[in-house]
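To start, the structure itself, in structure tokens.
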Amino acid sequence: MSGVREDGHPRALVTQPRIGVHGYLTPQNLWGDVERGNPLPYTLPPERQREVGLDRETWRLEVLADPDGNTELEVPLSREHGTALGFGGLLRLGREHGVRYLKAITCNNLGEPLGMGLWEGVPLRVVVWMARPVANIRRVLYHGYHNDDPLQLFQSTLPIGRVLEDPPGELPVILAYKLNGEYLSGKRGGPVRLIVPEAYGFKSVKWLQRIVLSNQFGATDTYHEGNNDLDSPMKTYARFLETPPVARAGAPVPVTGIAQVGVSGLAKVQCWAHPRDESLPADDPLFVRAPWRDAEILPPPSDWGAALPDGVWPHVPLQFEGSVPRTWPLRYTVVHWAAQLPPLAPGDYDLRCRTIDQNGNAQPMPRPFPKGGRADIQSVPLKIEP
Ligand SMILES: Nc1nc2c(c(=O)[nH]1)N[C@H]1C(S)=C(S)[C@@H](COP(=O)(O)O)O[C@H]1N2
Ligand SMILES: [Mo]
């Protein structure tokens, strides 16, 4: 497959794994990818990666004023003036300001998460303040290495207020350098990527090298192409993980799954097995009146360390008090669930799952605009044999 679109932009390359099968945290090398670049930055020869700052020793982060506007910074961090931030400098900031949190990444255009991780980094605001902004900033623009080709630029943007303050209970936007206790691999966006906790994946720019503080008032994310909704936060929905393709009549049917906990939280996961030869109500497309049965949302894993180096839980994430999450499930993460369906008569069934959010609303809601985050009620076949 060609890595370039007809208009010269690199094509998005997608790997969608089944996540959740390796335990709670997805090992770094088993994540799914949505990536662009021709060539992909982390496939460049090592000496070229050194040259272009894709190596921890040569990585630099610039924080600049938008050259097309009236933004004023007292101390821009620039390569040109030798004031850009290096990886060692970022780690030093991390000793004082570093944070960790659990977060899944999902592409708004894919119906399943790409991975569930423990991210570690420095809040972006720490570096914004280092540049001593003086006047005229409404938005933060940021992009990664793109082979110095404007057609390959992948930029996202945030309102400055989102970067400077977090509403109570929300997590900071971070410059992330570790995932599951290990430095970020090139494939995962290292040396450093941005992580925006509540947002779909396109806001979490990989191979980050430049932050531009701007007075522009609107979003100019590259992802506005392709009809994507740039403001939609992560949605709550459920997915099956393991369902028996065939089960015996008269015995309960064990099923497991994962749920993405989006902006509205997660109160329940529910399942429903419908005989395929019985018609579905035409006036109830979201099956609101179906006989849904509650599944059990599984508690935090007892073995957090499985995906971490040496099996050690490194440090307390922001969502924790000591070694225990303050609440469960946590928003913007993936949780696991399990259910035992009551014994069924022989036949062919469609097995569906959905969620109820913390406001008591069934999710997914009607969604005629999937570009705000694909989320539908999943259906899988189930055969019951006598
Ligand atoms: N530099 C850069 N960052 C990027 C992208 C990209 O193509 N280039 N893709 C984005 C999109 S659309 C998604 S969904 C996530 C996917 O993150 P992952 O590949 O680590 O799973 O990365 C985002 N960050
Ligand atoms: Mo994406």
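Nothing here was measured: the structure is a model prediction, and the numbers come from that model.
A salt bridge is defined here as a Lys NZ or Arg NE, NH1 or NH2 lying under 4.0 Å from an Asp or Glu carboxylate O, and Glu47 with Arg50 fails to meet this definition. Salt-bridge check for Asp221 with Lys203: passed, with a basic side-chain N closer than 4.0 Å to an acidic carboxylate O. Ion pairing between Arg125 and Glu165 fails under the 4.0 Å rule for side-chain N and carboxylate O. Glu182 and Arg188 are not joined by a salt bridge, as no carboxylate oxygen comes within less than 4.0 angstrom of a charged side-chain nitrogen.
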For side-chain contact (heavy atoms from CB on, under 4.5 Å), just list the numbers for Leu114 and Cys107, CA-CA rounded to whole Å, side-chain angles, deciding distance to a tenth of an Å, and then say yes or no.
-> CA-CA 7 Å; Leu114 293 157; Cys107 180; 4.2 Å; yes
Requested in this report: Report the C-alpha separation of Val335 and Val261 in whole Å, then their side-chain angles, then the decisive distance to 0.1 Å, and conclude whether the side-chain contact (heavy atoms from CB on, under 4.5 Å) test is met.
Outcome: CA-CA 7 Å; Val335 287; Val261 188; 4.0 Å; yes
side-chain contact (heavy atoms from CB on, under 4.5 Å), that's the test. Do Asn108 and Asp229 meet it? Break it down for me. CA-CA 9 Å; Asn108 61 314; Asp229 179 348; 5.8 Å; no
Margin query: Is there a side-chain contact (heavy atoms from CB on, under 4.5 Å) between Trp292 and Ile356? Walk through the geometry before answering.
Written below: CA-CA 11 Å; Trp292 294 98; Ile356 305 289; over 6 Å; no
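Remark: the Asn136 side chain and the Thr71 side chain contain no N/O donor-acceptor pair separated by less than 3.5 Å. Between the side chains of Asn109 and Asn228, at least one donor N or O sits under 3.5 Å from an acceptor N or O. For the residue pair Tyr237/Gln363, the side-chain donor-acceptor check at 3.5 Å is not satisfied. At a cut-off of 3.5 Å, with distance as the only test, no side-chain donor of Lys103 or Tyr332 sits close to an acceptor on the other residue.
Counting heavy-atom neighbours within 6.0 Å of Glu6 CD, excluding the residue itself, gives a total of 12 or less. Heavy atoms from other residues, nucleotides or ligands lying under 6.0 Å from CZ of Arg276 number more than 12. The number of heavy atoms from other shown groups lying within 6.0 Å of CZ (Arg326) is above 12.
Distance alone, capped at 3.5 Å, places no donor-acceptor pair between the Lys235 side chain and the Asp376 backbone. In terms of modelled atom types and a separation under 3.5 Å, the side chain of Asp357 and the main chain of Asn359 share a donor-acceptor contact. Between the side chain of Gln28 and the backbone N or O of Tyr183, at least one donor-acceptor pair lies under 3.5 Å. Judged by distance alone, the side chain of Tyr24 and the main-chain N or O of Val334 form a donor-acceptor pair under 3.5 Å. With Arg79 contributing its side chain and Ala84 its backbone, the two residues share no donor-acceptor pair below 3.5 Å.
Note that the CG atom of Asn215 and the CG atom of Asn70 stand 4.5 Å from one another [nearest 0.5 Å].
By the rule that hydrophobic residues join a cluster once side-chain heavy atoms approach within less than 4.5 Å of another member, Trp31 and Tyr177 end up as members of separate clusters.
Figure legend: Arg354 and Phe287 shown without cation-pi pairing, the cationic atom not lying both under 6.0 angstrom from the six-membered ring centre and within 45 degrees of its axis.
Considering Leu230, Ile105, Val34 as possible partners of Phe202, the one that fulfils the side-chain contact (heavy atoms from CB on, under 4.5 Å) test is Leu230.
The six-membered or imidazole ring of Phe240 lies near that of Trp337, with a centre-to-centre distance under 6.0 Å.
No side-chain heavy atom of Pro113 sits less than 4.5 Å from a side-chain heavy atom of Thr26.
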